[in-house]
Structure formats: structure tokens, C-alpha cells
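Quick notes on the structure that follows.
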Amino acid sequence: MKQVIQNYKTGELNLVEVPAPLVRAGGVLVRTMNSAVSVGTEKLMVNLAQQNLLEKAMSRPDLVRRLIDKIKTEGVMEAYQAVKGRMETLQPLGYSSAGEVIAVGEGVDDFKIGDRVACGSDLFATHSEVTWVPKNDCVKIPEGVSYEDAAFAYIAAIAIHAIRCGNLTFGSRVAVIGLGMLGQLSVQILRAWGCEAFGYDLDRKKVELAIRLGAKDGASDRHEAVTKAKLQTGGNGFDATIIMASTASNDPMDLSAEITREKGTVVACGLVKLDVPRNVFFDKELSLVVSRA
């Protein structure tokens, strides 16, 4: 079967022939009909793999700290072998897909051959022709929903979880900072949730798209965002701000603190700096939640 893989050492991306997985207990074998490309996450992985060793280390200081700990506890050679093995591993890409069940493993009662399912996991729902998926990482696709739409289910679930972390109610006013795929999905989900969404992105075209998809308003300039936030909320600020941006800058955190109301919530889902502007958070008694996938 064909599968999209990346060489983490060289950054090379290829479509290769690999053996198809076998059905195992506790999961199902799925023939992929559609897989979604999560532009932000997968672009980040591709860019990281294409960096040299020093750049990789600077991009992932958390892994450097773990390497140092490993050297202290297990020695230099063990640490070297671990790094070498990780660098030479071929990494499949993709984590949200949809397809048809073609085999059912032992201990699985909820699925049968022929079921249409949406799958989600960076280990299993990859860009592959066939994949084995644990039963808890897939769900039946409702009638009337296409494979193409269902392939976004897991990505949308990330947005849904971030929205839930905001403790919103019907009619809540919510800002979404970063209008990539997750941000655009968040705007649409907020609208379905009965909330009023405001979109912010440096790219004006993305702001316009968010408005077409249901945002009440939006901005591509910080001053514009602050001004419109006051107008849209009667001067109070948004009940919650959800950060879906991916940047090394602390600007999304600073802006979210400025446009969120007193005792409101800032939800950080995107890959951003978390240098909390303490004075603003203190004055407004804001809550910060770091949402996970």
C-alpha cells in the first residue's frame, strides 16, 4: 500500500510502498477514503524535520532537557543511540481520516465490515491507503455525511475541546485568534453552539472567510481588534478568547488579555508563547486554560 512518510533526519517527504497492516485485537482495519491535511500541525512537523541539528535543538528545548537527563542517568552512549534511533525513524504524517472498515479484530463489537468510520490519531489515522485503528479512535459516520467531511472529525474535535474549556453558554461572545483550519472550524462550531464569534488574523483574507463562515465580525490589525472588541461587547470585552495561532511571538497572549472581559477565560490551543501579562491578568482576574488535543 502507499503511505506518506517523512525522514526526520533529512526532512525528505515521500509517498512510498509499505506493507499493509494486519488486523489486530481491539481495533479495526480501515481502507482510507479521505485523509485531512492539518496545514498548521503538519507544516510545523515538515519544517522541523528540514532544520539542521542545532535548529532542531533550539526549536525543541524540552527534548534537549530530556536528553541531558538521559545522559545523567544512563550515560552518553545510551543517549546517543536514542537520538540516532529517533533521527533515523521514518515518520508517517496525518492524524484525521475517514474510510470503510474491511476487517474487525477480536474484542470489537461496535463495528462490522462495511461500516463507514471517521478516525483520529497521529499513530493510526495517517495518510495511508489502509490503516489499523483502535476501536476507541474511530466512530461511525452518520448517514448523509461524506467521507470528505468526516475526515475532518478529529481536527474538529480539537476545536470542540478548546471551546468546552472556555465554559461557554448560549449567547457567549468569543474571540478566535488565528484563523487557520482550526480557527475557521472554531468559528463555525461556535456559531452552531449558539455563541457570537469574532475572528482575528494577520491575513485579511482569512478574516473575510471567517465572517462568511459565521463570525459576526473580525480584524487583521491589533488596534482594529481592540476597538471592535469594545464595540461588539458594549465595552466589556469577550467572555472568552480562544488562541488557535501558531507563532513564537507572545502577541496572541497579550492581545487576548486585552480583549477578554473581567473574570473571562483565555484558552490557549495553538502553539504560542505563554508569557502571561500578569498585570492585566491580575486586574481582570482572568483564567488561563491550556487546551490539549
Side-chain angles (χ1 to χ4, degrees), residues 4 6 13 34-50 59 93-98 118 120-122 125-127 148-166 168 174-193 195-222 224-225 228-229 238 240-256 259-260 266-274 289-293:
V4 177
Q6 182 174 44
L13 197 64
N34 290 92
S35 60
V37 177
S38 179
V39 179
T41 301
E42 295 188 47
K43 182 181 178 182
L44 180 70
M45 292 178 65
V46 170
N47 289 345
L48 179 61
Q50 291 175 344
S59 298
L93 294 183
Y95 64 91
S96 190
S97 64
S121 169
D122 60 349
T126 55
H127 301 309
E148 184 176 358
D149 289 341
F152 290 87
Y154 187 74
I155 299 174
I158 297 171
I160 289 172
H161 180 64
I163 290 169
R164 284 176 172 167
C165 287
L168 306 174
V174 187
V176 179
I177 296 178
L179 297 173
M181 182 185 293
L182 275 172
Q184 299 292 352
L185 286 170
S186 298
V187 166
Q188 296 173 77
I189 294 167
L190 283 166
R191 183 182 180 186
W193 213 281
C195 298
E196 193 176 278
F198 177 91
Y200 175 83
D201 196 284
L202 297 177
D203 187 338
R204 185 67 199 177
K205 291 183 179 179
K206 291 182 179 180
V207 176
E208 293 169 354
L209 175 60
I211 293 173
R212 291 199 300 271
L213 293 175
K216 182 174 181 180
D217 204 349
S220 57
D221 173 81
R222 182 188 178 114
E224 180 188 16
K228 287 188 173 181
F238 295 106
T241 298
I242 299 173
I243 302 174
M244 289 297 187
S246 178
T247 174
S249 166
N250 205 58
D251 289 347
M253 181 60 66
D254 293 335
L255 177 59
S256 65
I259 63 177
T260 306
V266 175
V267 180
C269 183
L271 295 172
V272 294
K273 288 185 70 174
L274 295 177
V289 179
V290 180
S291 170
R292 61 186 177 186

Original post:
Of the options L179, D201, I189, which is the one that meets Q184 in a side-chain contact (heavy atoms from CB on, under 4.5 Å)?
Top reply: L179
**OP:** Work out which heavy atom in L182 is nearest to a heavy atom in A159; give both atom names and the distance.
**Re:** CD2-N, 4.0 Å
Original post:
Between F198 and D217, is any pair of side-chain heavy atoms under 4.5 Å apart?
Top reply: yes
Original post:
Within a strict 4.5 Å, meaning less than it, do heavy atoms of the W193 and I160 side chains meet?
Top reply: yes
Original post:
Measuring from D251:CG to I243:CD1, what's the distance to the nearest 0.5 Å?
Top reply: 10.5 Å
Original post:
Is there a donor-acceptor contact under 3.5 Å from the side chain of K206 to the main chain of G180?
Top reply: no
Subject >> side-chain hydrogen bond (donor to acceptor under 3.5 Å, both in side chains) against T260, all qualifying residues, sequence neighbours excluded >> reply: T241
Original post:
Would you say the side chain of V272 lies within less than 4.5 Å of the side chain of I177, judging by non-hydrogen atoms?
Top reply: no
Original post:
Out of curiosity, T247 OG1 to M253 CE, how far, rounded to the nearest 0.5 Å?
Top reply: 12.0 Å
Original post:
What class does the angle between the rings of Y95 and Y154 fall in, given that below 30° is parallel, 30 to 60° is tilted and above 60° is perpendicular?
Top reply: perpendicular
Subject >> Short side-chain to backbone donor-acceptor contact, S96 and A151, under 3.5 Å >> reply: yes
Original post:
Rounded to the nearest 0.5 Å, what separation is found between the SG atom of C165 and the CD1 atom of I242?
Top reply: 9.0 Å
**OP:** Of all the heavy-atom pairs spanning V187 and A215, show the shortest one and how long it is.
**Re:** CG1-N, 3.5 Å
Subject >> Atom of S186, atom of M244 and distance for their closest heavy-atom approach >> reply: OG-CE, 3.3 Å
**OP:** Indicate the atoms forming the closest heavy-atom contact of V207 with G199, along with that distance.
**Re:** CG1-O, 4.2 Å
**OP:** Considering non-hydrogen atoms only, spot the tightest contact between L168 and A240 and give its length.
**Re:** CD2-CB, 3.7 Å
Original post:
With sequence neighbours left out, what residues match R222 under side-chain hydrogen bond (donor to acceptor under 3.5 Å, both in side chains)?
Top reply: E258
**OP:** Verify the neighbour count for atom CD of E224: are there more than 12 heavy atoms of other residues, nucleotides or ligands below 6.0 Å?
**Re:** yes
**OP:** Mind checking side-chain hydrogen bond (donor to acceptor under 3.5 Å, both in side chains) for S35 and listing every partner two or more places apart, or none if nothing turns up?
**Re:** H127
Subject >> CD1-OG distance between I163 and S291, expressed to the nearest 0.5 angstrom >> reply: 9.5 Å
Subject >> Where I211 and G218 come nearest, the two heavy atoms and their spacing >> reply: CD1-N, 3.9 Å
Original post:
Any chance CZ of R204 has more than 12 other-residue heavy atoms, nucleotides or ligands included, within less than 6.0 Å?
Top reply: yes
